[in-house]
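Order of the sequence lines fixes the chain letters, A, B, ..., with proteins taken first and strands second; residue numbering starts at 1 for each chain. Everything numeric in this text was worked out from a predicted model, so none of it was measured.
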There are 2 protein chains.
Amino acid sequence: MATAWVERRLAAILAADVVGYSRLVEQDEAGTLAALKTLRREVIDPLLAEHHGRIVKLIGDGALAEFGSVVDAVACAVAVQKGVADQQDSVPAERRIVFRIGVNLGDVVVEGDDLLGDGVNIAARLEQICEPGGVLISGTAYDHLQGKLGLPLEFTGEQHVKNIGRPIRTYRVRLDGAPALLARK
Amino acid sequence: MATAWVERRLAAILAADVVGYSRLVEQDEAGTLAALKTLRREVIDPLLAEHHGRIVKLIGDGALAEFGSVVDAVACAVAVQKGVADQQDSVPAERRIVFRIGVNLGDVVVEGDDLLGDGVNIAARLEQICEPGGVLISGTAYDHLQGKLGLPLEFTGEQHVKNIGRPIRTYRVRLDGAPALLARK
């Protein structure tokens, strides 16, 4: 090959962030940060461990996690959304913490503990356009889920992503009862 | 999740076999086995190491190898086809060893050193329908190669694979000068 070799790895990338984070912090900074810390300790970290995921990095109110399997990544995303919804069930809607999650499969560039490249950018973009409380996955991730997850997946169109020439197929994971807990921005 | 957890891994699977192996062995058993052994030692094993691949298993005249990246797997497949063609250049056509190689991306089930599931079956099927001396890859592998390999890829239609409901998109890697060394069955 003419190009220099770079370390690459097939990874399922999960990108998550908090819906309306700035608004929550503005209302109650200490309370929001404490609630997020509790969510992470009680819900998110145990689910990541259970599904063999690792946090790649935390970015403001968001996080990027890596899994060795798409099936594990999407199962984890669904479990996180259900776990967070249960834990936040009694919190008033205007102070409730709700996540958006995107999952993509990529042949990513590895630099130490960090991951770079299209695969990461697409996961972040999916998360940005995901409905609150939902899980949005790319077509390349979807292709490896069929018959392996037991959850309905719904085609939600092709999306154009900045700096990516080809459109990205997107699929929404249909979570039972999820619409009830959504407070759209 | 309702289903029991199984260990899964995203893997690029390379399946290879020798074109007309039975005929070659019938003509000259000892010579064919010795030639294959030499090819493996001089060409294939060094290229696998260079591209961070590992042999999962040898099956008769074929082999299954695993890579952590699709880019590495296809680059290795191309390098193997070029290396084998160079090494066999002076061998008479009727005794020449020519490989077929299929590459697929799968979220496969891991059982010790072995890999199981659709992802493996599809790689083997691609290899069976690949032209002699060529490299045939699946659509899900192709989706992660764009702009990362520097080799032209040609769409070669959708194929139906036994026990796989949806058709598999296939792409041929265009190897410079490859048609000249092909002896079709």
So, A:Asp72 and B:Arg8, do they make that salt bridge, N to O below 4.0 Å?
-> no

Heavy atoms of other groups near A:Glu111 CD, more than 12 under 6.0 Å = no

Salt-bridged, A:Arg9 to A:Glu66, with N to O below 4.0 Å?
-> yes

Of the backbone (N, CA, C, O) and the side chain (C-beta and beyond), which part of A:Asp143 lies under 4.5 Å from a heavy atom of chain B, both, or neither?
-> both

The interface call for A:Leu145 against chain B, heavy-atom contacts under 4.5 Å, is neither

Do A:Arg100 and A:Glu131 sit within salt-bridge range, that is, some charged N less than 4.0 Å from a carboxylate O?
-> no

Output yes when A:Arg23 and A:Glu94 qualify as a salt bridge under the 4.0 Å nitrogen-oxygen rule, no when they do not.
-> no

Do you know which of A:Thr140, A:Asp107, A:Asp118, A:Val108 has the most heavy-atom pairs under 4.5 Å to chain B?
-> A:Asp107

Cut-off 4.5 Å, heavy atoms of chain B, and the answer for A:Gln146 is side chain

Part of A:Ala12 within contact of chain B (heavy atom distance under 4.5 Å) | both

